Amino acid sequence: MSHLNYEIDGQVAYLTMNRPEARNALSLEMRTEIRDRLQEAELNDDIRCIVLRGAGEHFLAGGDVKSFMAFTKLPPEERRLTFINRIHGLNTIMYAMRRLNKPVIASVRGAAAGAGVSLALCCDMVVASEDAFFTLAYSKIASSPDGGASYYLPRLVGTKRAMEIALLGDRFTAQEALGMGLINRVVPTGELAAKTKELADRLANGPTRAYGNIKKLILSASDNSLEEHLQAEAEIFGDTVMADDWIEGVVAFNEKREPEFKGH
C-alpha cells in the first residue's frame with residue numbers, strides 16, 4: 001500500500017499521507033512521494049491549489065521514531081551522518097512547498113507532532129479541526145527541530161514563545177494554535193473536509209500567478225531590507241500586470257462584476 005494517496009479534484013491536488021495505523025508517521029517512502037507529487041503539481045498548470053492531509057484520525061505524528069531503534073547501535077559519527085542525510089531528504093519537501101507558485105493548505109485533524117508541525121508551518125494556510133492538537137515533541141527524545149520548525153516558529157510567535165514550544169514540547173490545542181497565529185482557521189471536526197475543500201476551491205479559482213507572486217513577497221519579507229523589499233514589490237507587481245488575469249481583474253472591477261480568473 002502506498003504511503004501517500006494522490007487525487008485531483010477539479011483544480012485541486014490532494015496529497016493524503018497514508019499510514020493511519022502509525023498516525024501517519026513520516027516514512028522514507030512517504031517523504032519521497034510527497035516531494036515527487038509536489039514537483040508534479042508544480043509543473044501541472046491545471047492544478048492551482050494543493051492540500052496536504054492525513055488519512056484516518058491524525059495529520060502526522062512526526063518521524064517514525066520506532067525505526068530509529070535500528071540506529072541506536074551505530075557509532076556516534078555514523079549516527080550523525082545518517083540523520084544529516086535523512087534530514088536533507090526531508091528538506092526537499094520544504095524547499096518544494098516554498099518554491100511552489102500555488103497555494104498549499106494543510107488540513108489538520110488529530111495529532112500534528114514533530115515533523116507534522118513543521119509540515120503544517122511550511123504550508124501557506126492551515127485549517128484545523130477542533131480536536132486537532134500540536135506538539136513540537138523533539139525534546140522528548142533529546143533531539144532538536146527539523147523541517148523548518150525552528151525557522152518559522154520565532155517568525156510567527158516570537159522568540160520567547162518559540163523557546164517555550166520547542167524546549168518543553170508541551171501539547172497545545174487548535175484554539176491555542178489559532179491564538180498564537182500558527183494556523184488560520186479552526187472548524188468543527190465533522191466539517192474539516194468540507195471547509196478545507198471550500199477554501200481550496202476558492203484559491204484554485206483565484207489569480208494563480210498573482211498568488212505565486214504574493215507568496216514570494218510574504219516569504220522573503222523577513223529576510224530583506226526595506227530597500228530590497230520595496231524593489232521586489234515593484235518588480236513583482238510589474239510581473240503581475242503582464243498576466244491575462246490582471247486584465248480580467250481590472251475589467252471586472254470597472255464593470256462591477258465578479259472576475260473569472262483562469263490562472264494565467
Side-chain angles (χ1 to χ4, degrees), residues 1-6 15-42 50 52-100 104 106 108 110-123 126 133-156 159 162-171 182 219 223:
M1 184 174 65
S2 173
H3 287 192
L4 185 79
N5 292 336
Y6 183 71
L15 281 65
T16 307
M17 298 171 288
N18 189 36
R19 296 186 69 207
E21 75 289 348
R23 294 189 172 189
N24 299 314
L26 190 64
S27 65
L28 294 178
E29 179 183 336
M30 185 191 295
R31 187 180 67 190
T32 299
E33 290 189 66
I34 293 172
R35 181 202 64 202
D36 292 348
R37 291 301 193 178
L38 287 172
Q39 291 174 346
E40 181 180 322
E42 179 181 17
I50 297 94
L52 188 65
R53 61 188 181 182
E57 300 302 315
H58 299 280
F59 181 65
L60 189 147
D64 191 354
V65 179
K66 289 183 179 180
S67 72
F68 293 178
M69 285 296 296
F71 306 110
T72 59
K73 304 299 183 183
L74 296 178
E77 181 63 15
E78 192 171 345
R79 288 202 306 272
R80 185 181 76 87
L81 293 174
T82 296
F83 277 90
I84 286 175
N85 287 331
R86 286 169 69 101
I87 291 170
H88 280 317
L90 173 63
N91 290 345
T92 61
I93 295 174
M94 310 311 173
Y95 294 140
M97 285 202 286
R98 189 179 178 98
R99 187 181 65 243
L100 265 168
V104 184
V108 179
V117 175
S118 300
L119 278 175
L121 294 182
C122 200
C123 292
V126 183
F133 61 91
F134 302 81
T135 172
L136 202 69
Y138 293 92
S139 64
K140 302 294 186 181
I141 60 167
S143 187
S144 55
D146 59 9
S150 61
Y151 177 86
Y152 288 108
L153 265 179
R155 286 167 167 78
L156 292 169
T159 301
M163 285 288 190
E164 180 179 351
I165 291 170
L167 292 174
L168 300 181
D170 288 342
R171 176 188 293 196
L182 292 173
L219 292 173
D223 299 319

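Keep in mind that what you see is a predicted model, and the values were worked out from it rather than measured.
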**Study point:** Set of ring pair (Phe, Tyr, Trp, His ring centres under 6.0 Å) partners for Y95, sequence neighbours left out
**Key:** none

Revision key, fill the gap. Residues at least two apart in sequence or cross-chain that pass ring pair (Phe, Tyr, Trp, His ring centres under 6.0 Å) with F68, listed by chain then number, are F83

Review point. Can you name the residues that form a side chain to side chain contact (heavy atoms under 4.5 Å, CB included) with P20, not counting sequence neighbours?
Key: N18, N24, A55

Exercise for review: Just jot down the side chain to side chain contact (heavy atoms under 4.5 Å, CB included) partners of L167, sequence neighbours excluded, or say none.
Suggested key: M163

Practice item. Calculate, to the nearest 0.5 Å, the distance between atoms CG and CG belonging to L74 and L81 respectively. Key: 10.5 Å

Revision key, fill the gap. With sequence neighbours left out, the residues meeting salt bridge (charged side-chain N to carboxylate O under 4.0 Å, His left out) with R53 are E7

Review point. Backbone N or O of A111 within a donor-acceptor pair of the H58 side chain at under 3.5 Å?
Key: yes

**Study point:** Which residues share a side chain to side chain contact (heavy atoms under 4.5 Å, CB included) with S143, sequence neighbours left out
**Key:** Y138, I141

Practice item. Please list, chain by chain and in numerical order, all residues satisfying side chain to side chain donor-acceptor pair (under 3.5 Å) with R37, sequence neighbours excluded. Key: E40

Study note, to complete from the structure: With sequence neighbours left out, the residues meeting side chain to side chain donor-acceptor pair (under 3.5 Å) with E164 are none

Review point. Quick one: does D36's side chain get under 4.5 Å of L4's, heavy atoms only?
Key: no

**Study point:** Residues forming a side chain to side chain contact (heavy atoms under 4.5 Å, CB included) with N85, sequence neighbours excluded
**Key:** none

Revision key, fill the gap. Residues at least two apart in sequence or cross-chain that pass side chain to side chain donor-acceptor pair (under 3.5 Å) with S2, listed by chain then number, are E33

Review point. Less than 4.5 Å apart, any side-chain heavy atom of L52 and any of L60?
Key: no

**Study point:** Partner set under side chain to side chain donor-acceptor pair (under 3.5 Å) for S27, not counting sequence neighbours
**Key:** H3

**Study point:** Whether R99 side chain and E42 backbone form a donor-acceptor pair below 3.5 Å
**Key:** no

Practice item. Look only at the side chain of S118 and the backbone of G148, and say whether a donor-acceptor pair between them is shorter than 3.5 Å. Key: no

Point to revise | Spacing of R98 atom CZ and N91 atom CG [to the nearest 0.5 Å] | key: 12.5 Å

Exercise for review: Give, for atom SG of C123 and atom CE of M97, the distance between the pair rounded to the nearest 0.5 Å.
Suggested key: 4.5 Å

Practice item. If a pair satisfies salt bridge (Lys or Arg N to Asp or Glu O under 4.0 Å) and one of its residues is in residues 64-88, list it, with sequence neighbours excluded. Key: R19-D64, E77-R80

Point to revise | Rounded distance (nearest 0.5 Å) linking atom CG of L119 with atom CZ of R31 | key: 11.5 Å

